[in-house]
Amino acid sequence: MSYTALYRKFRPERFEDVKGQEHIVTTLKNQLQAERIGHAYLFCGTRGTGKTTIAKIFARAVNCENPQAGNPCGVCDTCRGIRSGASMNVIEIDAASNNGVDNIREIVDEVSYSPAQGNYKVYIIDEVHMLSIGAFNALLKTLEEPPSYVIFILATTEVHKIPVTILSRCQRYDFRRITIDTIAGRMQELMEAEQVEAEARALRYIAKAADGSMRDALSLLDQCIAFHFGERLTYEMALDVLGAVDTSVFSKMLRMIMEKNTIGAVLLLEEIIMQGRELSQFVADFTWYLRNLLLAMSSEAAEEVIDMSADNLANLQEEARMTEAPVVMRYIRIFSETSERLRYASQKRILLETMLIKLCRPETETEYDTLLDRIRALEKQAAEGAFMKNSRAADLPPAGSEPAAETAREDAAGALPAAIPEDVRRLVEGWQRVINSAQMPMKQYLREARPSLDADGRLLLVFQDGLASDYFLRQPDNRAALQTLLSRSIGKEVEASIQTIADNDSFADTYIDLQAVIDMEIEEED
C-alpha cells in the first residue's frame, strides 16, 4: 500500500479538528445551524492555513443528510461521496490552470442544472486571483445572483489581486497564520497517533520553520521522520535535515561581528558551509536571532515573547548589554537585504562573505545608519581617551622661554603629516573663491565644510551631521559636481573625501584644521 503524506492522512474531517482558525469555524457553524447560508465566500490567507480544508468540510456540511451541530456526520452516502471525490455536487477548480473565459463560461452554463443528490452544488475555486480579467467579468453576474442551490467558495493567497466588484459580492474570511504553539501541539498529537517519538524542542523548531503554515509544518515533519526513520526525532536531527544552525553558532557569529573580527566571522561561515547547512536558512534564522536580541534590549519581560531556553535567553540578555539598538537594527537591515538577494545569487558564499565584511567594517558603507554607527564608535573612542590632544603640550617650556606662537606652530606641526600636498594647500588658500564659484545650494552647504587631510594626504571635507552632509553623502551626483568644482579651481584633477561629525568638539579632537595652520611654514613636497 502506498504511503500517504501526513498532511493528507490527517486532513481534518470536522470543524473542531481545524486548528488556529476558531474565528472562522465558529461563524460558519453558526450559519449552518441557523440556516443562514451565503451564496459566495472568499477565503483568503497565507498558504497551508486551512482554506481548502474548511471549504471541503463546509461543502459536506451543507449537503449532509444527518448534520450534527453544524458538522457533517461523515457516514452518510453524501458525505462519503464528497470525501472520495465521486460526488457531482462539489466541483473543485484550480484557477491557476483553468483561468480563461471559456473555463468560467462552462461553470456559468452548469449552474443552471440543479444537484442530482443533496441540497447544494458547491464550486471551490482555488487560487482565484489567477483568473484573467475576462474570466472575472464572466463570473461576475452569476456570482451576484446565482441559483438558490449554488454556493461559490473562492480561495486565494493574494487577495489584493481580486477585483473590487468580486470582493463586494462575497463574504470575506481572513485566515490567520497559525501560532507556533498550535502547530507544535498538533504535531505532538500526530506523533502519538503514528507512534513516533519526538523531542518537544524538535517539534517547536519545525513549527517555527513552517512560518504559520500547518501544511508546511507537516511536510517538514514528514521529511525529518523519513530521514531518521525508526529513530527518536531529536532537535539536532531536525537541524540536520532542514540545513539549519544551532543557536550557539548565532551567538558566536554575533560576538565576532560586534568585535569587528572579520577573519573569525568568515572562518565560522566556512565551518557552517562545510557542515552542509543551507545558507538561505542560516540568514533567515540569524535575522530571527537578531529580532530576539532587539526584543531583549527593548523589554524587561522579553521571555514572554522570545521562544528559547533559559540558558540561551540569559546569553542573549548578556549580548543585549554589549551593544545598542540602532546597531542591531543596522544588522537586521543588512541581513534582510542579503536574504532577498540570495534568491537570485549564483555565488551565495561570496555574497554572504561580503555581507560579513560590511558588518565588521562599517567604514565600507555610506548608509545613514552605518554613518551613525561609525560616529558612535568614534564617540566611544573619544570618551576612552583615544583622541587626546598631542601629549607634547604637557612638556611645554616655561612661559617666556619661547614665543607662544612658535610653541603653537610646533604643536600643530606635530599633529600634521610631514608635508601638505601643494594642490591641497592651494585649494585651502583660495577656499573662499571655491565657495563663491559654486551654485546654490552647494554654495550654502560648502560654507559649513571644514577642510582637513585624510590618512593619504588628500583633501578631506568635514561636515556636521545634517543637511549639508546628506547633500553630498546621499546624492552621488552632488559629490561628482563637487569634484568637478574643485578640479576647475586649480586646473588639476582633485580627489576629495567627505566625513561627518556629531559636533565641533569632535572635529577639534579628531581632525587637522587646515584653515588654522595653512599659513605656517610647512615643508612642501619636492
Side-chain angles (χ1 to χ4, degrees), residues 15 18 21 23-47 49-64 67 70 72 78 82 85 87-176:
F15 282 119
V18 179
Q21 309 299 344
H23 61 298
I24 294 174
V25 165
T26 301
T27 304
L28 293 179
K29 284 182 64 178
N30 288 342
Q31 285 190 1
L32 289 164
Q33 290 177 291
E35 296 184 355
R36 296 174 60 88
I37 300 169
H39 67 276
Y41 295 84
L42 177 63
F43 291 172
C44 47
T46 190
R47 67 189 186 284
T49 50
K51 298 186 296 297
T52 305
T53 296
I54 288 184
K56 290 180 177 180
I57 296 174
F58 189 77
R60 290 203 304 274
V62 295
N63 284 299
C64 180
T78 303
I82 295 174
S87 174
M88 299 297 292
N89 285 0
V90 178
I91 301 94
E92 285 191 66
I93 301 163
D94 177 20
S97 53
N98 300 280
N99 56 7
V101 176
D102 292 339
N103 302 115
I104 299 302
R105 282 178 178 165
E106 288 180 14
I107 297 174
V108 173
D109 291 341
E110 288 176 3
V111 298
S112 59
Y113 300 101
S114 60
Q117 183 184 14
N119 302 318
Y120 293 92
K121 292 182 74 172
V122 182
Y123 290 87
I124 302 174
I125 306 179
D126 203 9
E127 299 301 334
V128 70
H129 65 271
M130 299 290 286
L131 290 179
S132 65
I133 295 299
F136 274 124
N137 291 334
L139 179 63
L140 198 58
K141 187 63 177 176
T142 302
L143 196 65
E144 183 177 23
E145 297 178 358
S148 59
Y149 50 79
V150 173
I151 298 173
F152 285 97
I153 302 178
L154 315 180
T156 179
T157 54
E158 300 184 48
V159 69
H160 60 278
K161 294 184 178 179
I162 308 295
V164 176
T165 50
I166 297 291
L167 291 174
S168 64
R169 288 162 170 79
C170 301
Q171 293 185 26
R172 173 173 170 171
Y173 293 86
D174 290 290
F175 284 66
R176 301 168 182 164

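Along the sequence shown, residues are numbered consecutively beginning with 1.
The backbone N or O of Asn119 lies less than 3.5 Å from a partner atom in the side chain of Asn63, making a donor-acceptor pair. Side-chain atoms of His39 come within 3.5 Å of backbone N or O of Leu143 as a donor-acceptor pair. Judged by distance alone, with hydrogens and angles left aside, the side-chain atoms of Arg36 form no donor-acceptor pair with the main-chain N or O of Leu32 at under 3.5 Å. Of the possible polar contacts, none joining the His23 side chain to the Tyr173 backbone as a donor-acceptor pair under 3.5 Å is found. Looking at Ser112, its side chain never comes within 3.5 Å of a backbone N or O of Val108 through a donor-acceptor pair. Proximity of a side-chain donor or acceptor of Asn98 to a complementary backbone N or O of Ala95 within less than 3.5 Å is not detected.
Between Val150 and Tyr120, the closest side-chain pair of non-hydrogen atoms is not below 4.5 Å. Looking at Ile37 and Ile151, their side chains come closer than 4.5 Å, going by heavy atoms from C-beta outward. Using a 4.5 Å cut-off on side-chain heavy atoms (C-beta onward), Met88 and Pro115 make no contact. Under the 4.5 Å side-chain criterion, counting only non-hydrogen atoms from C-beta, Glu144 is not in contact with Leu140. Looking at Asp126 and Ile93, their side chains never come closer than 4.5 Å, going by heavy atoms from C-beta outward. Residues Leu154 and Cys170 meet the side-chain proximity criterion, which asks for heavy atoms closer than 4.5 Å. Using a 4.5 Å heavy-atom cutoff, the side chains of Ile104 and Phe136 are not in contact.
Among residue pairs with one or both ends in residues 107-117, none qualify as salt bridge (Lys or Arg N to Asp or Glu O under 4.0 Å); sequence neighbours excluded. Sequence neighbours left out, the pairs with a member in residues 51-62 that pass side chain to side chain donor-acceptor pair (under 3.5 Å) are Arg11-Thr53, Glu13-Arg60, Lys56-Glu92. Applying the side chain to side chain donor-acceptor pair (under 3.5 Å) test to every pair with at least one member in residues 146-164, sequence neighbours left out, gives these pairs: Glu127-Thr157, His129-Thr156, Glu158-Lys161.
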- Verdict with supporting geometry, Val128 and Ile162, side chain to side chain contact (heavy atoms under 4.5 Å, CB included): CA-CA 8 Å; Val128 70; Ile162 308 295; 3.5 Å; yes
- Task: Apply side chain to side chain contact (heavy atoms under 4.5 Å, CB included) to the pair Tyr123 and Val90, showing each step before the final yes or no.
- Result: CA-CA 6 Å; Tyr123 290 87; Val90 178; over 6 Å; no
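Scanning all heavy atoms of the two residues, the minimum distance from Pro146 to Phe152 falls at CB-CE1, 4.2 Å. The nearest pair of heavy atoms linking Ala138 to Val101 is CB-CG1, 4.4 Å. In terms of heavy-atom proximity, Ala61 sits nearest to Gly70 at CB-O, 3.7 Å. Summarising the geometry of Asn99 relative to Asn103, their closest heavy-atom pair is N-OD1, 3.6 Å, with the distance given to 0.1 Å.
In this structure, the separation between CG on Leu131 and CD1 on Ile125 is 6.5 Å, given to the nearest 0.5 Å. Between the OH atom in Tyr113 and the NZ atom in Lys121 there is a gap of 9.0 Å [rounded to 0.5 Å]. Rounding to the nearest 0.5 Å gives a distance of 10.0 Å between CD1 of Ile54 and CD1 of Ile153. The CD atom of Gln171 sits 8.5 Å away from atom CG of Leu28, with the distance rounded to the nearest 0.5 Å.
Applying the ring-ring contact (aromatic ring centres under 6.0 Å, His included) test to Phe58 and every residue at least two apart in sequence or in another chain returns Tyr41. Looking at residues two or more places apart in sequence or on another chain, you find no salt bridge (Lys or Arg N to Asp or Glu O under 4.0 Å) involving Arg176. Residues that satisfy the salt bridge (Lys or Arg N to Asp or Glu O under 4.0 Å) test with Glu106, not counting sequence neighbours, are absent from this structure. The side-chain contact (heavy atoms from CB on, under 4.5 Å) check on Thr46 picks up Thr49, Arg177, with sequence neighbours excluded. Annotation: side chain to side chain donor-acceptor pair (under 3.5 Å) contacts of Asn137 (sequence neighbours excluded): none. Annotation: side-chain contact (heavy atoms from CB on, under 4.5 Å) contacts of Pro67 (sequence neighbours excluded): Cys64. For Thr142, there are no side chain to side chain donor-acceptor pair (under 3.5 Å) partners at least two apart in sequence or on another chain. Every side chain to side chain donor-acceptor pair (under 3.5 Å) that Asp94 has, sequence neighbours left out, goes to Ser97. By the side chain to side chain donor-acceptor pair (under 3.5 Å) test, Ser168 pairs with no residue at all, sequence neighbours left out.
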